[in-house]
Undergrad: 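Input: one structure, supplied below.
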Amino acid sequence: MKGYMNIVRMSCRKINAKRKRQAKQVKTILSLGANIGKIHETFRFALSGLRRAGLCEIRISPLYETEAVGCAKDTPDFINAAVSGIWGE
């Protein structure tokens, strides 16, 4: 019986370790948007920062140009994109 309990404990540890690893991975979806300056460079900088911070398996949508809504009359249009990835290990 003692050997059986060791196996159960070991199995529980493996299951708990697996759950902890899975809990550290979170599917993440973000939006990026900019309308001033070097927009493509800004997006690249943001993506590299996200990658350094732990976002992996990064996918980015095509870029979309949208009208600036609710802003001053002469506000430039925005360039937007969606980013998805896995946050964590």
Side-chain angles (χ1 to χ4, degrees):
M1 191 67 152
K2 188 176 181 182
Y4 173 75
M5 292 304 291
N6 285 336
I7 291 170
V8 170
R9 283 188 192 126
M10 187 174 72
S11 297
C12 288
R13 280 189 216 126
K14 285 182 181 179
I15 290 169
N16 288 337
K18 185 177 180 181
R19 284 183 183 157
K20 285 180 184 176
R21 280 195 306 272
Q22 289 173 342
K24 291 180 182 179
Q25 295 183 344
V26 178
K27 183 168 185 167
T28 305
I29 300 173
L30 304 166
S31 62
L32 300 179
N35 70 337
I36 301 172
K38 299 177 182 177
I39 294 167
H40 291 87
E41 206 173 290
T42 300
F43 279 20
R44 276 194 291 275
F45 181 76
L47 289 170
S48 71
L50 289 167
R51 195 174 289 116
R52 281 192 312 272
L55 189 65
C56 57
E57 298 182 31
I58 296 173
R59 298 180 72 187
I60 185 166
S61 72
L63 301 179
Y64 292 93
E65 186 171 347
T66 58
E67 184 180 326
V69 177
C71 299
K73 186 178 178 183
D74 294 333
T75 301
D77 290 346
F78 280 86
I79 304 296
N80 301 293
V83 176
S84 68
I86 304 295
W87 199 268
E89 298 176 355

Undergrad: What pair of heavy atoms forms the shortest contact from Phe78 to Gly33, and how long is it?
TA: CD2-C, 4.5 Å
Undergrad: Report the distance from atom OG1 of Thr42 to atom CD1 of Ile36, rounding to the nearest 0.5 Å.
TA: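 It comes to 10.0 Å.
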Undergrad: Search all heavy atoms of Leu32 against all heavy atoms of Ala46 and return the closest pair with its distance.
TA: CD2-CB, 4.4 Å
Undergrad: Is there a continuous path of hydrophobic side-chain contacts, each under 4.5 Å between heavy atoms, that joins Ile79 to Leu50?
TA: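 Yes, Ile79 connects to Leu50 through the hydrophobic network.
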Undergrad: Is there a side-chain contact between Ser48 and Arg44, using heavy atoms and a 4.5 Å cut-off?
TA: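 The answer is no; the side chains never approach within 4.5 Å.
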Undergrad: Ignoring hydrogens and angles, write down the donor-acceptor pairs under 3.5 Å from the side chains of residues 53-71, residues two or more places apart or on other chains.
TA:
residue	atom	partner	partner atom	Å
Ser61	OG	Ala82	N	2.9
Thr66	OG1	Asn80	ND2	2.5

